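To keep things clear, I will list the structure first and then write my remarks on it.
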Protein chains: 4
Amino acid sequence: MVSKQEEVVQLILDTSAKLFEKYGYNNVRISDITRDIGMTTGFFYYHFRSKEQILQMIYENYISGAADAVREIYHIPNLTAQEKLNLLIKRHCKGIRDNHSHVSVFFREYRNLSEEAIKLIQEKNSEYLKYVVKIIEQGVDEGLFKADVNPKMVSLAIIGMCNWIYQWFKDDGEKSIDEVGEIFYRLVTSGLLK
Amino acid sequence: MVSKQEEVVQLILDTSAKLFEKYGYNNVRISDITRDIGMTTGFFYYHFRSKEQILQMIYENYISGAADAVREIYHIPNLTAQEKLNLLIKRHCKGIRDNHSHVSVFFREYRNLSEEAIKLIQEKNSEYLKYVVKIIEQGVDEGLFKADVNPKMVSLAIIGMCNWIYQWFKDDGEKSIDEVGEIFYRLVTSGLLK
Amino acid sequence: MVSKQEEVVQLILDTSAKLFEKYGYNNVRISDITRDIGMTTGFFYYHFRSKEQILQMIYENYISGAADAVREIYHIPNLTAQEKLNLLIKRHCKGIRDNHSHVSVFFREYRNLSEEAIKLIQEKNSEYLKYVVKIIEQGVDEGLFKADVNPKMVSLAIIGMCNWIYQWFKDDGEKSIDEVGEIFYRLVTSGLLK
Amino acid sequence: MVSKQEEVVQLILDTSAKLFEKYGYNNVRISDITRDIGMTTGFFYYHFRSKEQILQMIYENYISGAADAVREIYHIPNLTAQEKLNLLIKRHCKGIRDNHSHVSVFFREYRNLSEEAIKLIQEKNSEYLKYVVKIIEQGVDEGLFKADVNPKMVSLAIIGMCNWIYQWFKDDGEKSIDEVGEIFYRLVTSGLLK
DNA sequence: CATGAATGAGGCTTCATTCAT
DNA sequence: GATGAATGAAGCCTCATTCAT
């Protein structure tokens, strides 16, 4: 059950994210957003405290979803690290595709948040990283992954590789998002060499 | 031999890049830049046409250097694709470390460029990608890399992984930039699995 | 019925015209205008797109009024050219007196308009001239005016003579504006010679 | 004999007048003038005290020439007022044609002069008017012109008619400047009516 | 004489936010 | 609850003029 209120907020967030992605946060006016939706400025300020709050909510929404997902995956019982990694990469890629404009804004506009908001984001980011590291470590412990693997560096590599999708992935491109995930998973597990 | 003029321009670019990185392009005033350097507004506008021109030059400088590097590496004779890949990844990582603030700006602020400038950047980006793809293809042709490798996706994975460094690498961190490059290289070539 | 909006716009136009007349368009600041009226800068820009728009509207207002008037006079039925000329000269003189500051700006500041705006003005000017010429031609055709009269040159002479009023006419001067019109009319029709 | 100095000054005045006419005094930069001539800013300021001084000199040059001319014409012995008027109109028209850009600037830009400069110009203008009035009065006294003629109003009419030429006269137009003068002279003396 | 790099005050404009209705 | 007219602080940029060389 979604209230009228929540619908309006979501509509504002989605529209804003699309505009922020296209033109940049600072180049989008409140009036651009309200015009696109067909509401008035006053109505906007009835639902949001400020322009920055849009940004904050875009960040919170995205990072919470992502952090929840990795935590869940990590805690699935009876799964090898390899299987978890597979799930993780595909989930991560899909998450970026599904929230494309939110993600783009997420990566580019955090300088426009207040310091507290930035600190909060960074904590969530660290948490995300922490769980990826844990999965890699599990693989090493299980003896599946090479013993000399550096879990943190590898995690950062994987996260980077996946995040970067937001820069180039297109729904009408050569590969579907799942295929991309599969290719990334294979690269990371087996490498390029024969 | 570097002229006085060029020195001033470089100083402005470096100072601007640092400020843009820290606060975001739109949150930095021309007066912030000139105050930091100790010059007057007029002096700045004697050397630059506009604030946007700073951004343009930051972009051109970085992308040109990167595109030159990958082209060179590709054309080194008597090198296997594996060796070229090694060079490329390390060069790329180092490039990001050495131009950290420029790169951060590069990835985050291009919405503030004019359409023509954006188009130019995209072309250079494509060129960069093209050469990475060629190196991967060489590896496949040489029989070194797996035959079923998708060169473009793999290239995008590698580029993403390396680019992402700008988000987390710190000179006083656990690993040096060369070590990071080595870890990435091994991951990409051999994978995580035993 | 005049809306609040239209009143504000008119007030801005009149105040601006007076200031432009006195100090020149380029020597008048937006803040001079708003201070004189007692409004804020923001309020001004809520009603006008730019400073140049003031100029454009001053031009459009004046020239439209003038062009309408001459067209009307030309089309009045059952009037000799001589009678029309009388009306025209007096109407023209009065128009300049009544819109003194607008007219002064009109004659002096068009270099500050955009090229398109200038072109538009010139077309309206040509239209004005066209109708004066037609009246003179009517007089020649009617056999009232000398057959060897050059309608265009004479029209330009009359228009110049009348326009020039903006340079010297004062309401507290020796002659009223109607008397000036009468003197001009007699000069043009009968000449100086006995 | 013209010194190098005077040549430079004249060149600057002519070039400036042309640019001022085309773009308006305030829209022309000192650098525009110096670039057109091929001199440096420093060199300009070696010859001129300020930008305003250009304007002042343009004004002085033109108005002095015109005032001298009308005074001379008035004082030619053994000439009827009618003959003087003929000379005057033609001289005035030619003066405007020959100094077109100077005259345009003269009529449009005096708001950019200092108050003292403006006062000086107005005095010279009054002097010019005074002599035209005297010629008309002479005609009335001689019994050539109608007794009820208002010399001042008629003078202002003639001056306006002639001055206005700067707005429309073109060297490649239908009539030469002398023909225009002749037409104006006839209109003023004999009128339009048969 | 001649240069041209350097100055810095000040103008036009934008836009997030408010609040009376 | 909803509106949208009004605000006003602040930023980018210009350009006449100077002066060390």
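Values in this document were obtained by computation on a predicted structure and should not be read as measured data.
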Checking all strands, does [X] fall into the base, sugar-phosphate, or nothing category for heavy-atom contacts under 4.0 angstrom?
X       : answer
A:Thr41 : base
B:Ser31 : nothing
C:Val8  : nothing

- Query: Any idea how A:Phe107 and A:Tyr62 line up, ring-wise: parallel (<30°), tilted (30 to 60°), or perpendicular (>60°)?
  - Reply: perpendicular
Quiz item: Hey, what's the ring geometry for D:Phe20 with D:Tyr25, parallel, tilted or perpendicular (30° and 60° as the breaks)?
Solution: perpendicular
Judged by nearest nucleotide, the residue sitting upstream toward the 5' end of DNA chain F, B:Gly42 or A:His47, is A:His47
Between [N] ([atom2]) and [X] ([atom1]): distance, integer Å:
X       : N      : atom1 : atom2 : answer
C:Asn26 : E:dC12 : CG    : C1'   : 12 Å
D:Asn27 : F:dT14 : CG    : P     : 14 Å
D:Leu55 : F:dA16 : CG    : P     : 13 Å
C:Leu19 : E:dC12 : CG    : C1'   : 16 Å
C:Phe44 : E:dT14 : CZ    : C1'   : 13 Å
A:Gln5  : F:dA2  : CD    : P     : 9 Å
C:Tyr25 : E:dC12 : OH    : C1'   : 10 Å
D:Ile54 : F:dC15 : CD1   : P     : 15 Å

- Task: Could you verify whether a donor N or O on one side chain and an acceptor N or O on the other, from D:Glu52 and D:Gln56, lie under 3.5 Å apart?
- Result: yes
Stepwise, does the side chain to side chain donor-acceptor pair (under 3.5 Å) test hold for B:Gln122 with B:Asn125? CA-CA 5 Å; B:Gln122 285 171 335; B:Asn125 276 339; over 6 Å; no
Counting only Watson-Crick and G-U wobble pairs with both atom distances below 3.5 Å, the stems of 3 or more consecutive pairs that include DNA chain E are E:2-21 with F:2-21
* Asked: Can the ring centroids of B:His47 and B:Phe43 be said to lie less than 6.0 angstrom from one another?
  -> yes
Can you check whether A:Tyr110 and A:Tyr59 have ring centres sitting under 6.0 Å from each other? no
- prompt: Is any side-chain nitrogen or oxygen of C:Tyr45 closer than 4.0 Å to OP1 or OP2 of E:dT13?
  reply: yes
F:dA16 phosphate, OP1 or OP2, under 4.0 Å from D:Arg29 side-chain N/O: yes
Per nearest nucleotide of DNA chain E, the residue lying toward the 5' end, A:Glu52 or B:Phe43, is B:Phe43
Looking only at F:dT17, E:dT17, F:dT7, the nucleotide nearest the D:Ser50 side chain is F:dT17
Note to self: Using a 3.5 Å distance criterion without hydrogens, assess whether the side chain of D:Glu21 forms a donor-acceptor pair with backbone atoms of D:Val105.
What the structure shows: no
